[in-house]
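Working notes for the structure below.
Residue numbers run from 1 in the order of the sequence given.
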Amino acid sequence: MTKPFKTLDDMGDIQGKRVLVREDLNVPMAEGHVTDDTRMRATVATVGELADKGAIVLVLAHFGRPKGVPSPEFSLSQVVKPYSEVLGREVRYVDWEGADDAVAMLEPGDIAVLENTRFFGGEEKNDPAVVQRFARLGDLYVNDAFSAAHRAHASTEGLAHVLPAYAGRAMEAELDALQKALGEPEHPVAAVVGGAKVSSKLDVLRHLVTKVDHLIIGGGMANTFLAARGVDVGRSLCEHELASVCEQIMEAADKANCTVHLPYDVVVAKEFKPNPATRTVNVHEVAADEMILDVGPAAVESLGDVLKNCRTLVWNGPLGAFETVPFDKATVALAKTAAALTEGGSLVSVAGGGDTVAALNHAGVADAFTFVSTAGGAFLEWMEGKTLPGVAALHG
C-alpha cells in the first residue's frame with residue numbers, strides 16, 4: 001500500500017549523509033538516572049538503521065521546559081550515557097556552541113545527540129531562523145517522534161519544509177496503527193474512553209461518535225453521563241454542570257448509529273482508599289454517601305461480548321480508579337479480553353495515553369495489543385480528529 005509520507009525505505013544511498021533525526025528523549029530522571037527508558041528504546045530501530053547504512057546521525061530532541069534559556073538542569077548531556085547503553089553504541093554529545101565544527105568531525109556511522117532544541121527561544125515558535133540553524137547541520141530530516149507531532153515547532157514541523165523529510169520507523173509504525181484504528185478501520189469499531197472528567201475529553205467524544213459503532217464510557221466520565229440520564233450517583237466524582245453536553249453527545253451518537261455503553265452495575269465504597277468495604281450494586285442503588293469507583297462485573301462481561309463482535313478497538317483511559325485496589329478489576333478484565341481477542345486474530349487493538357499504558361501494563365497485556373502508543377497529547381489530539389502539524393508536514 002502506498003503511504004502518504006516517505007519512510008526510510010525511500011531514502012536511497014545515505015552513506016556519509018548527515019541525517020537530522022527528531023526523537024523524543026524527554027525521559028524521566030531522578031538523581032542522575034533515567035527511571036523509564038521507554039522513549040529511548042523506541043528510537044533504536046531508526047537510529048540504528050541509519051547508522052548501519054553509513055549516515056552521520058544527529059539526534060534532535062527537547063528535554064523539560066527550559067523556555068529558551070540554556071541551563072545545566074535541562075541539558076541533554078545527562079542522557080547521553082544512558083542512551084548509549086540503550087542503543088548499544090557510542091553516542092557523542094554536541095553542544096550548540098561550536099556545533100558546526102563538531103558535526104564536521106563526525107564520521108559515517110557516528111551518532112550524536114545535539115543539545116536541547118528548546119535552548120532556542122524560537123524552537124517552540126517555529127522561528128525560520130531556528131529552522132535554518134538546525135537545517136545547516138544536516139542533509140536530510142527524519143521525524144521519529146510522534147509524541148511531539150502535535151506541536152508545530154522548528155524541530156518537529158519547520159525542518160520538514162526545508163530538507164527532504166521522512167518518517168522514522170517508530171513514527172511509521174504509529175501512523176500505520178492509527179490508520180488501521182480510525183483512518184480506514186475494519187468495522188464494527190469499538191472505542192473505550194475512560195478517565196476522570198468529561199470536560200477533558202469532550203472533543204474526543206464528539207469525534208468518536210461519528211467514527212465508531214460502539215462507544216464504551218468508563219471512569220469518572222461515566223458518572224457524569226449517568227447523572228445526565230437521571231441516575232443519582234451519590235458522592236461520586238461527577239461534573240453535573242455538563243449534563244446538557246452529555247445529552248448532546250448521546251443524541252449525536254444516536255444519529256450516527258453509534259451505541260453508547262454506560263455501566264449498569266458498579267462497585268461503590270464510602271471511602272476512596274485501598275481495599276475499603278465495597279458493594280456491587282445496580283447504578284440505581286447507589287447510596288447518597290457512596291462513590292462509584294469501578295464498573296461492575298456484569299457490565300464488564302457484557303462489554304467483553306461487545307468486543308467479541310468487533311474487529312477494531314481504540315482504547316484511551318481506564319474504566320475505574322485502577323491505581324487503587326480493588327478498583328482495577330474492571331479495567332484488567334476488559335483489557336485481558338481485548339488482548340485474548342487480539343492474539344486470536346479477530347481484533348485490531350490500538351491503545352494510547354499515559355494512564356492507559358500504565359493500566360495495560362498493570363493488567364500484563366500491553367504486549368498483546370496490536371499497538372500501544374506512549375504518546376499522550378498527540379494521541380489525544382489524533383482521537384479528537386485534529387491535524388497533527390508534524391505528521392502533516394511529512395505529507396509534503
Side-chain angles (χ1 to χ4, degrees), residues 5-6 11 14 16-27 39 43 46-47 50 55-80 83 91-106 110-168 170-171 375 377-378 381 386-396:
F5 50 86
K6 291 180 178 178
M11 295 184 87
I14 56 172
K17 295 282 181 71
R18 299 167 304 160
V19 184
L20 289 166
V21 187
R22 182 55 160 96
E23 295 285 7
D24 186 352
L25 299 182
N26 192 27
V27 292
R39 288 172 172 169
T43 75
T46 295
V47 171
L50 292 171
I56 296 165
V57 184
L58 306 171
V59 178
L60 289 167
H62 72 276
F63 187 69
R65 298 179 182 274
K67 299 181 179 174
V69 180
S71 123
E73 179 188 356
F74 297 113
S75 174
L76 274 168
S77 60
Q78 302 171 83
V79 312
V80 170
Y83 189 37
V91 177
R92 299 161 195 264
Y93 162 72
V94 174
D95 196 357
W96 288 117
E97 191 173 330
D100 298 75
D101 291 339
V103 168
M105 300 285 289
L106 297 174
D110 284 350
I111 300 167
V113 170
L114 299 172
E115 184 52 281
N116 195 337
T117 58
R118 290 186 180 175
F119 280 4
F120 293 95
E123 152 73 337
E124 295 181 78
K125 297 171 184 169
N126 207 356
D127 184 337
V130 176
V131 173
Q132 291 301 328
R133 176 69 187 92
F134 296 156
R136 76 181 194 222
L137 295 174
D139 303 303
L140 305 167
Y141 170 70
V142 172
N143 192 344
D144 203 34
F146 177 79
S147 56
H150 59 313
R151 303 286 184 240
H153 293 172
S155 67
T156 62
E157 199 268 351
L159 276 171
H161 298 294
V162 297
L163 291 177
Y166 307 84
M171 174 74 86
E381 289 198 18
K386 293 180 179 174
T387 298
L388 306 183
V391 172
L394 292 176
H395 291 187

Just jot down the side chain to side chain contact (heavy atoms under 4.5 Å, CB included) partners of A160, sequence neighbours excluded, or say none.
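Here the qualifying residues are Y141, A165, A393.
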
Applying side chain to side chain contact (heavy atoms under 4.5 Å, CB included), name anything that partners V131, two or more places apart in sequence or on another chain.
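V131 satisfies side chain to side chain contact (heavy atoms under 4.5 Å, CB included) with N126, A154, L159, V162 only.
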
Under the side chain to side chain donor-acceptor pair (under 3.5 Å) criterion, do R22 and T156 qualify, and how do the steps go?
CA-CA 7 Å; R22 182 55 160 96; T156 62; 5.8 Å; no

Could you pull out all residues at least two apart from Y166 that satisfy ring pair (Phe, Tyr, Trp, His ring centres under 6.0 Å)?
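Y166 satisfies ring pair (Phe, Tyr, Trp, His ring centres under 6.0 Å) with no residue once adjacent residues are dropped.
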
Taking ring pair (Phe, Tyr, Trp, His ring centres under 6.0 Å) as the test, write out the residues that go with F134, two or more places apart.
W96, F120

[X] side chain near [Y] side chain, heavy-atom distance below 4.5 Å:
X    : Y    : value
H62  : S155 : no
L106 : R92  : yes
M105 : D101 : no
Q78  : F63  : yes

For the residue pair [X] and [Y], what are the closest heavy atoms and their distance?
X    : Y    : answer
V142 : A167 : CG1-C, 4.1 Å
V94  : A112 : CG2-CB, 3.9 Å
V19  : A55  : CG2-CB, 3.8 Å
N116 : P66  : ND2-CG, 3.7 Å
F146 : A375 : CD2-CB, 3.5 Å
V91  : V80  : O-CG1, 3.2 Å

Output the distance between atom [atom1] ([X]) and atom [atom2] ([Y]), rounded to the nearest 0.5 Å.
X    : Y    : atom1 : atom2 : result
I111 : I56  : CD1   : CD1   : 12.0 Å
N26  : R118 : CG    : CZ    : 7.0 Å
M171 : D24  : CE    : CG    : 10.5 Å

Please say which of L163, L140, V59 ends up in a side chain to side chain contact (heavy atoms under 4.5 Å, CB included) with L20.
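Option passing the side chain to side chain contact (heavy atoms under 4.5 Å, CB included) with L20: L163.
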
With salt bridge (Lys or Arg N to Asp or Glu O under 4.0 Å) as the rule and sequence neighbours excluded, what pairs involving residues 135-160 come up?
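Qualifying pairs, neighbours excluded: R18-D139, D100-R136, R151-E381.
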
Show every salt bridge (Lys or Arg N to Asp or Glu O under 4.0 Å) that has at least one partner inside residues 62-75, sequence neighbours left out.
none

Test side-chain contact (heavy atoms from CB on, under 4.5 Å) on V47 and Y83; report intermediate values, then the result.
CA-CA 11 Å; V47 171; Y83 189 37; 3.5 Å; yes

E115 and S75 side chains, donor-acceptor separation under 3.5 Å:
yes

